[in-house]
Amino acid sequence: MNWGVAGRNKFHDNISLIPETDLPLITMLLKLLPLLSTTVLYALFYLISALKFDVQILPASVPYDYLLQLVVAYMLYALSRKAWIFLVIHTLLMGVLYTGNAVKISFFGGPLMPDDIFALQSLLLILDGWRFFAAAIPLAAIASLLLFNFSMRHWSAYLASLMVILLGITVVYKPNTLLTPLDGYFGNSVWDQRSNYVWRGATLYTLLETARYFAAADVIPDTDTAQEAADNLLAVDLTDSPAKKQAIAKEFTPRNVHIVLLESFWDPNALKKAKFKQNPLAPEFRELWKSAGYSQALDPVFGGFTANSEFEVLCGFPAMKNTVKFERQFLNDAPCLPHLLADKGYRTIASHPNVPVFWNRVNAYRRMGFETYWSLKDFVQDDMNRNFMSDSTLYRQVLEKISGPLAAKQPVLDYIVTYFGHWNYPLSESRPDKISSRSEVDEVTAYANTIYYKSRELMDFIKEVRKRDPEGIIVVFGDHLPFLGENFAGYVESGVLSTNRSDFTPAMFKAYVSTPMLIIDGKRGPIKFGSLPLYQVPKLLLDLLNFNEPSIMDYTQPLPDMRVRPLPGLHFNVSANGTVELCKEPPYSETCQLSSRWLENIAIVSNDLFMGRQFTRPKYIPEKQPEPVPTEAVIPQAATGTN
């Protein structure tokens, strides 16, 4: 590669000061610069990944991963105007690619995915202090330096551009051209992305998962496909269901419904090795939970992506992909629970003390039928744990706000999303540490102290609601398990989970997504329902209200003697006797074949309802969105979120 004077200028702005006898050496160094930077940076980030985060690309995969990264380096170098800027960009790029994947694997069990791009804005909104700058500066630096350093001064730049454009076109329009031969050689585990990463290396993994993103794009079904899937789902015989018989036998009875999503709410007593000196859970909560048979929610996510748990508990369909449903897969006004109840005269209110655009909630809440959305600006921030509003002040202010409709006897859907309890579990001066433990994982003790206050503030709220609204239905549940150290460290310490998801037993997969849940049926008290997927909660609530009209929740009512919890790339079935059967990949057992076909039909109907032309929408449901309540906190109809 002959760079000439222009190329030498990239290495040093004062090239004229270099003796002529040294110019051949400088030219050679310029040609070898990508090789040198790739070698040094690859070794550096490999060691950081392995020693700090315990994530190691397999030794057999290192040679071709290194060679691919070397090709990337030379392409980037060919398009660069200055050599020193190339070095900065290459360092940042490899840092994101290798260290970024290691960080995400250690936190959530899987590497970076293309869908994480859409979650980036929400991530930046939630980070503060040095964590925000640690995430934002590399991204801003890469983007700005790429623009500043871009050059087309040499034929090699045109060749590099041709390769980039050709590869981009292939990835977007013909992704299977890459996936078919490479998956055939390396294999592909949909449910075990960590293994895919260490088998392929960061560069090839990123390329293939980007191609897979386009190959596996959601398909909007036509009318015949959607209707066939809907008919298959409705053909399941559930006429003997006690809840079904009860709902049909009675007329619709409006009652207030209070749903509380509890951030990272879980029972830390499962961590036996922590040996807490005091029970983190409030005794009153444990007693109430015991009366419900220690019932649990089966959530769609671990450690984050709260919006997917929201989607399930409000719309009655599972979130099955490693993406935030609110962001790109919820495009239509849909007859979710808020919409159905608003049509029955309910005042439908969502409350969450965060910025309103987080996870695109402004648009998502409006599309599912909420008339009012109270976000951070609608609450007095009088009791904060760092930037997280305490549950006690959130509950108090929400009850004050809904006192009018309650007094007027207008039925209310009161949906609350708490924020206190978010990682890294900060407390305030008014909430000193109460719990100590023997755990070697810092997050375990911090989380136990958070639950100490969170469970007690929750019980105060439940007692107040039952006093004010004795016939109201109360639902409380954890949205996902808490993050307790890198590579599930807090859970591994007590044998709850393994370090690697590929080593999870069926019981571990169930534990991985199980959080406490209470459904209190007015004066009748807590219901015993065992382990219930969150997407099947809305149907249960409609049955408690004796809602016997057709709804989209009919599509996802449980299969006979089986509850199905899909996760990205796999699912598991919980039988009536509590047995857990894991369905990873074919060949499937007869039971897994049944649940797999059921989930395929669910996915088709879901795409039709939330992104497609809604051929499967029950005809009686009005197409018009309920009129918003005239209040300053009403969701702006023209608001835009984080699309």
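Thr591 and Asn573 share no side-chain donor-acceptor pair at under 3.5 Å. Side chain to side chain, Gln227 and Asp231 meet the donor-acceptor criterion of an N or O pair below 3.5 Å. No hydrogens or angles considered: nothing links the side chains of Ser531 and Tyr294 as a donor-acceptor pair under 3.5 Å. Checked by atom type, the side-chain pair Thr306/Asp479 shows a donor-acceptor distance below 3.5 Å. One side chain, Ser502 or Asn500, offers a donor N or O that lies under 3.5 Å from an acceptor on the other. A donor atom on one side chain and an acceptor atom on the other are found under 3.5 Å apart for Thr203 and Gln69. There is no side-chain donor-acceptor pair under 3.5 Å between Thr515 and Gln296.
One N or O on the side chain of Thr170 and one on the backbone of Leu166 form a donor-acceptor pair closer than 3.5 Å. Side chain of Asn332 to backbone of Arg367: no donor-acceptor contact under 3.5 angstrom is found. Using a distance-only test at 3.5 Å, with no hydrogens or angles considered, no donor-acceptor pair links the side chain of Ser49 to the main chain of Gln56. Between the side chain of Ser439 and the backbone N or O of Val444, no donor-acceptor pair lies under 3.5 Å. Of the possible donor and acceptor atoms, one in the side chain of Asn360 sits under 3.5 Å from a partner among the backbone N and O of Phe326. Within the 3.5 Å criterion, the main-chain N or O of Ala292 finds a donor-acceptor partner in the side chain of Ser295. For Ser551 (side chain) and Met553 (main-chain N/O), a donor-acceptor pair under 3.5 Å exists by modelled atom type. Here the side chain of Ser514 pairs a donor or acceptor atom with the backbone of Lys510 at under 3.5 angstrom.
Here Phe186 and Tyr64 bring their ring centres to under 6.0 angstrom of each other. Between Phe477 and Phe265, a ring centre-to-centre spacing not shorter than 6.0 Å is recorded.
Ion pairing between a basic and an acidic side chain is recognised when a charged N comes within 4.0 Å of a carboxylate O; Arg200 and Glu209 show such pairing. Using a 4.0 Å cut-off between a side-chain N of Lys or Arg and a carboxylate O of Asp or Glu, Asp333 and Arg617 do not qualify as a salt bridge. Of the charged side-chain nitrogens involved, at least one lies within less than 4.0 Å of a carboxylate oxygen, so that Asp267 and Arg286 count as a salt-bridged pair. Electrostatic pairing of Asp554 and Lys539 counts as a salt bridge here, judged by a charged N lying under 4.0 Å from a carboxylate O. Salt-bridge annotation for Arg597 and Glu600: absent, with no side-chain N of the basic residue lying under 4.0 Å from a carboxylate O of the acidic one. The residues Arg361 and Glu327 are annotated as not salt-bridged, no charged nitrogen and carboxylate oxygen being separated by less than 4.0 angstrom.
In this structure, the side chains of Leu271 and Tyr491 come closer than 4.5 Å at one or more pairs of heavy atoms. In this structure the side chain of Leu262 never reaches within 4.5 angstrom of the side chain of Val417, judged on heavy atoms. A 4.5 Å side-chain heavy-atom check between Leu540 and Leu542 finds every atom pair outside the cut-off. You'll find the side chain of Val605 stays beyond 4.5 Å of the side chain of Ile552, heavy atoms only. Arg565 has its side chain within reach of Pro318: a pair of non-hydrogen atoms, C-beta onward, lies under 4.5 Å apart. Annotation: side chain of Leu337 is in contact with side chain of Ile259 (closest heavy-atom distance under 4.5 Å). Side-chain contact between His480 and Val513 is absent, with no heavy atoms from C-beta onward closer than 4.5 Å. When side chains are defined from C-beta on, Val492 does not count as touching Asn487, because their heavy atoms never get closer than 4.5 Å.
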message: Before you tell me yes or no, could you show the steps for Ser575 and Met562 under side-chain contact (heavy atoms from CB on, under 4.5 Å), namely the whole-Å CA-CA distance, both residues' side-chain angles and the distance that decides it to 0.1 Å?
response: CA-CA 5 Å; Ser575 64; Met562 185 195 309; 6.0 Å; no
- request: Apply ring pair (Phe, Tyr, Trp, His ring centres under 6.0 Å) to Phe305 and Trp359, showing your working.
  value: CA-CA 9 Å; Phe305 283 21; Trp359 289 140; 5.7 Å; yes
task: Please step through side-chain contact (heavy atoms from CB on, under 4.5 Å) for the pair Val537 and Leu534, ending with a clear verdict.
output: CA-CA 5 Å; Val537 171; Leu534 270 184; 4.2 Å; yes
task: I would like to know whether Phe488 and Arg501 meet side-chain contact (heavy atoms from CB on, under 4.5 Å); could you show each step before the answer?
output: CA-CA 10 Å; Phe488 312 124; Arg501 284 208 333 164; 4.3 Å; yes
task: Dump the intermediate steps for side-chain contact (heavy atoms from CB on, under 4.5 Å) on Leu179 and Asn176, then the final yes or no.
output: CA-CA 5 Å; Leu179 293 173; Asn176 287 321; 3.8 Å; yes
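Taking every heavy atom of both residues into account, Pro280 and Ala448 meet most closely at CB-O, 3.7 Å. Summarising the geometry of Ala202 relative to Asn101, their closest heavy-atom pair is CB-ND2, 4.4 Å, with the distance given to 0.1 Å. When every heavy atom of Pro538 is checked against every heavy atom of Val313, the shortest pair comes out as CG-O, 3.1 Å. Across every non-hydrogen atom of Cys315 and Met368, the tightest pair is SG-CE, 3.9 Å. Residues Ala230 and Thr616 come closest through the heavy atom pair CB-CG2, 3.7 Å. Closest heavy-atom contact between Lys528 and Ser291: CE-O, 3.3 Å.
Between Trp266 and Tyr447, the ring planes lie tilted relative to each other; the angle falls in the 30° to 60° range. In this pair, Tyr42 and Tyr46 present their aromatic rings parallel. The plane angle is below 30°, not in the 30 to 60° band. The aromatic rings of Tyr535 and Trp598 sit tilted, their planes meeting at an angle between 30° and 60°.
Here the OG1 atom belonging to Thr323 is positioned 5.0 Å from the CD atom belonging to Gln329, to the nearest 0.5 angstrom. Separating the CG atom in Leu570 from the CZ atom in Phe504 is a distance of 10.5 Å, to the nearest 0.5 Å. Within the model, atoms OG of Ser596 and CG of Asn601 stand 11.0 Å from one another, a figure rounded to the nearest 0.5 Å. A distance of 13.0 Å separates CG of Asp521 from CG of Leu518, quoted to the nearest 0.5 Å. The distance from the NZ atom of Lys321 to the OG atom of Ser606 is 10.0 Å, given to the nearest 0.5 Å. Taking CZ of Phe615 as the reference point, atom CG of Asp224 lies at 9.0 Å (rounded to 0.5 Å).
Taking a 6.0 Å sphere around CD of Gln593, one finds it holds more than 12 heavy atoms contributed by other residues, nucleotides or ligands. Under a cut-off of 6.0 angstrom, the local environment of CD in Glu228 is sparse, with at most 12 non-hydrogen atoms contributed by other residues, nucleotides or ligands. Within a 6.0 Å sphere centred on NZ of Lys584, heavy atoms belonging to other residues, nucleotides or ligands number more than 12.
Here the options are Phe610, Phe317, Tyr365, the test is ring pair (Phe, Tyr, Trp, His ring centres under 6.0 Å), and the partner is Phe311; only Phe610 passes.
Scanning for ring pair (Phe, Tyr, Trp, His ring centres under 6.0 Å) contacts around Phe483 gives Phe107, Trp423, with sequence neighbours left out.
Residues in residues 563-590 take part in no ring-ring contact (aromatic ring centres under 6.0 Å, His included) pair, two or more places apart or across chains.
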